[in-house]
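Presented below is the structure to which this report refers.
In each ligand, atom 1 is the first atom listed, and ligand 1 is the first ligand listed. When a residue number appears, it is its place in the shown sequence, counting from 1.
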Amino acid sequence: MILMEKNTETENKPLDFIRQIIADDLATGKHRKSITRFPPEPNGYLHIGHAKSICLNFGVAEEFGGTCNLRFDDTNPSKEDISYVESIKEDVRWLGFNWGEKELYASDYFQTLYEFAVSLIKRGKAYVCELSPDEIREYRGTLTAPGKNSPYRDRSVADNLKLFTAMKNGEFTEGSHVLRAKIDMNSPNLNMRDPVIYRILYADHHRTKDAWKIYPMYDYTHCLSDMLEKITHSLCTLEFQDHRPLYDWVLDTLETPCHPRQIEFARLNLSYTVMSKRKLLRMVDNDHVDGWDDPRMLTISGLRRRGYTPGSIRNFCRTIGIGKSDSRIDMAVLENEIRSDLNVNAERRMCVQDPVKLVIDNYPENQVEMVEGKNHPQDPDKGIRPLPFTREIFIERDDFMDDPPKKYFRLGPGREVRLKYGYLVQYLSHKVNPETGEVEEIRCTYDPESKGGFAPDNRKVKGTIHWVSAEKNVPVTINMYDRLFNVEDPEADKDVDFLEHLNPESKVVLKNCIAEPDVVNLSVGQNVQFERLGYFCIDSVESTTDKPVFNRTVTLKDSWTPNK
Ligand code: ATP
Ligand code: MG
């Protein structure tokens with residue numbers, strides 16, 4: 001039997017509310033084609049939450065024959081960096097999406113955005129304000145108290161134009177002047193109380209260098225960038241719902257020829273992790289993790305190093321769907337996606353994590369016999385590989401007990417077990433290190449008639465264990481990764497820093513593992529199942545020793561319990 005990968009992409013699922021709106025707009029002829037965009041700010045690496053937005057925006061384009069732009073929202077030069085731009089492009093591509101000829105940048109529109117601001121001033125809809133940031137906050141009022149007009153609100157158009165030009169020319173200090181939209185200081189929506197749309201910033205921009213001394217704010221930039229790109233549906237997360245009136249106000253006031261529709265959906269929250277880039281950056285900067293692509297991080301690059309496949313992440317995003325209310329998805333949902341992907345696609349190999357020697361007394365010394373290992377139990381097309389069988393082998397320390405309970409079907413005094421693809425072996429004796437009390441060596445006899453692990457007389461041998469030849473093998477290192485936090489919601493308690501909840505055992509390095517010789521043929525990034533241990537992928541090869549280093553992607557079964 002060949003296991004086919006479940007093709008969930010073509011599964012008939014009812015459309016989510018966003019896809020329904022788009023389908024309706026295409027059916028009624030409101031739009032001939034959908035144009036969406038993914039607008040990351042290049043101030044960090046992308047995480048699994050971004051994957052949800054990427055799969056939605058690019059997914060819509062694929063499904064409806066539209067296009068999706070990759071647009072960098074690069075309006076905050078003090079936090080942005082070209083390295084983030086590169087990592088974001090790599091991650092979107094790796095997830096399997098294309099953004100057409102070239103990526104776009106909000107900074108490409110700086111001149112146009114400036115001209116729109118001048119137009120707002122001329123329409124009497126924007127003014128230069130000299131209140132300090134603190135005063136602006138104070139004047140804004142609160143949810144229950146109305147705001148107060150700035151004393152600079154009624155300047156003449158001519159004065160505003162002069163001052164805005166001076167701001168642009170670098171004649172003022174940072175924070176001394178801002179350009180504000182003139183809307184309504186009594187609006188119940190705080191975002192509409194004369195929001196700042198331009199500020200002075202003397203920072204080197206990664207693309208425009210020092211050409212600009214003023215930078216447009218997000219809310220002002222975003223709607224106009226969408227408009228300039230003729231975006232039909234501007235999909236963003238729920239926290240922007242209260243910003244939508246401002247989005248619409250800017251476009252309405254400027255009477256732009258095109259007016260994209262902003263639609264909000266629930267952001268992804270995942271248990272046992274934090275999602276905000278600001279928090280991820282803190283973990284990177286303070287060395288709580290080994291960089292943005294640490295395999296424990298829920299960044300796209302971290303998941304890639306961990307051994308996640310693009311398909312598993314896309315399937316995950318499809319499974320969780322698109323809704324309108326915030327919720328927390330269980331980490332197990334993500335883990336199940338990679339598990340079911342690798343169960344079908346990863347080849348099997350053998351590796352012993354915590355080796356103890358087993359000597360087969362009646363097996364000829366110096367004999368190396370090749371037995372056949374199946375690369376996949378259900379998929380014969382994946383072929384077989386030769387496994388060297390020798391008199392001395394390694395088995396897992398916990399596959400032997402000198403006083404086993406009844407339900408323990410592995411090796412122990414009086415027991416017989418099957419060495420997978422090898423032979424049946426019968427316990428003979430074992431040696432214990434008198435100082436440590438640890439089992440040092442186990443002796444067995446084998447049944448020469450049982451090659452391949454088949455009992456010649458059909459006798460019942462319940463236990464099957466994995467093994468690796470003690471003579472022909474490859475030493476490997478395994479990074480055992482576990483969840484980064486040991487509580488479901490590290491941010492739940494506002495009085496406790498989320499870093500207090502880091503799981504101290506999230507990375508355990510096992511340096512004495514022994515794998516079958518064939519692992520040298522695996523390439524970096526390749527996924528594999530080590531029989532009975534879990535799913536792994538090659539992270540790297542140690543430069544001094546040539547020793548392959550594996551990352552554990554996920555366990556074979558969902559057996560996770562907090563603080564185990
Ligand atoms: P963070 O809060 O992690 O810093 P952000 O929203 O500031 O993220 P952006 O670079 O502005 O990061 O995000 C780009 C796009 O990805 C936005 O449209 C945003 O709504 C979306 N996005 C960010 N986080 C999530 C999430 N957890 N779930 C769904 N979409 C998200
Ligand atoms: Mg943002």
Side-chain angles (χ1 to χ4, degrees), residues 16 18 36-61 68-81 83-89 91-92 95 97 99 103-107 206 217-219 221-223 225-226 229 231 233-244 247 260-285 292 297-303 313-314 316-329 331 333-334 489-491 498:
D16 58 60
I18 289 181
T36 47
R37 85 287 170 269
F38 172 64
E41 191 183 345
N43 61 351
Y45 280 54
L46 296 181
H47 51 60
I48 183 78
H50 292 113
K52 176 174 180 177
S53 176
I54 293 169
C55 288
L56 173 63
N57 281 293
F58 285 95
V60 158
C68 178
N69 296 344
L70 172 64
R71 182 205 312 142
F72 288 96
D73 171 36
D74 55 348
T75 53
N76 191 2
S78 52
K79 296 220 171 97
E80 294 162 9
D81 194 79
S83 64
Y84 295 136
V85 170
E86 293 308 322
S87 75
I88 290 169
K89 282 159 59 178
D91 289 349
V92 174
L95 280 173
F97 298 109
W99 53 85
E103 69 273 15
L104 304 169
Y105 296 85
S107 55
H206 62 101
M217 301 297 286
Y218 174 84
D219 282 328
T221 309
H222 200 77
C223 53
S225 305
D226 282 351
E229 293 172 17
I231 300 299
H233 302 86
S234 178
L235 314 177
C236 60
T237 35
L238 284 177
E239 68 272 22
F240 290 103
Q241 199 159 13
D242 288 345
H243 297 239
R244 186 171 4 116
Y247 185 104
R261 175 171 176 192
Q262 175 178 309
I263 309 171
E264 307 86 12
F265 64 95
R267 63 192 293 120
L268 168 66
N269 298 303
L270 203 55
S271 63
Y272 297 98
T273 191
V274 297
M275 206 72 96
S276 122
K277 277 184 280 185
R278 200 167 42 82
K279 292 190 171 140
L280 299 180
L281 180 63
R282 244 184 92 196
M283 296 200 285
V284 173
D285 280 350
W292 283 98
M297 292 273 268
L298 272 287
T299 52
I300 308 289
S301 51
L303 289 165
I313 295 175
R314 289 172 67 142
F316 169 72
C317 291
R318 200 169 301 111
T319 301
I320 59 175
I322 298 293
K324 287 191 229 191
S325 55
D326 277 320
S327 64
R328 181 171 295 279
I329 305 289
M331 182 75 97
V333 178
L334 179 63
D489 182 2
E491 294 158 301
F498 73 100

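Counting only distance, with no hydrogens or angles, the side chain of Lys52 and the backbone of Ala266 share a donor-acceptor pair below 3.5 Å. A donor-acceptor pair under 3.5 Å links the side-chain atoms of Thr299 to the main chain of Trp292, judged by distance alone. In this structure, the side chain of Arg37 engages the main chain of Leu235 through a donor-acceptor pair within 3.5 Å.
By the salt bridge (Lys or Arg N to Asp or Glu O under 4.0 Å) test, Asp242 pairs with no residue at all, sequence neighbours left out. For Asn76, the side-chain contact (heavy atoms from CB on, under 4.5 Å) partners two or more places apart in sequence, or in a different chain, are Glu41, Ser78, Lys79, Glu80, Arg199, Leu201.
Counting the atoms of ligand 1 from 1 in the order shown, those under 4.0 Å from a heavy atom of Glu41 are 9 (P), 10 (O). Heavy-atom proximity to Met275, at under 4.0 Å, picks out these atoms of ligand 1: 3 (O), 27 (N). Close approach of ligand 1 to Ser53 is summarised as follows: ligand atoms under 4.0 Å from at least one heavy atom of the residue are 16 (O), 21 (C), 30 (N). The Phe38 neighbourhood of ligand 1 comprises atoms 14 (C), 15 (C), 16 (O), with distances under 4.0 Å to a heavy atom of that residue. Counting the atoms of ligand 1 from 1 in the order shown, those under 4.0 Å from a heavy atom of His50 are 8 (O), 9 (P), 10 (O), 12 (O), 13 (O), 14 (C), 16 (O), 22 (N), 23 (C).
Atoms CZ and CG, from Arg267 and Leu238 in turn, are 9.0 Å apart once rounded to the nearest 0.5 Å. Taking CG of Asp73 as the start and CG of Asn43 as the end, the distance is 9.0 Å to the nearest 0.5 Å. Atom OG1 of Thr36 is separated from atom CD1 of Ile231 by 6.5 Å, given to the nearest 0.5 angstrom.
Polar contact check, Arg278 against ligand 1: no nitrogen or oxygen pair lies under 3.5 Å apart. Of the N or O atoms in Gly49, one or more lie within a sub-3.5 Å distance of an N or O in ligand 1. For a threshold of 3.5 Å applied to N or O pairs, the pair formed by Thr237 and ligand 1 contains at least one separation below that value. Some N or O of His47 is nearer than 3.5 Å to an N or O of ligand 1, by distance alone. Considering both main-chain and side-chain atoms, Phe240 never comes within under 3.5 Å of ligand 1 through any nitrogen or oxygen pair. In terms of N/O distances under 3.5 Å, ligand 1 is not approached by Glu239. In terms of polar-atom proximity, Arg37 is not counted as a contact of ligand 1, lacking any N or O under 3.5 Å from an N or O of the ligand.
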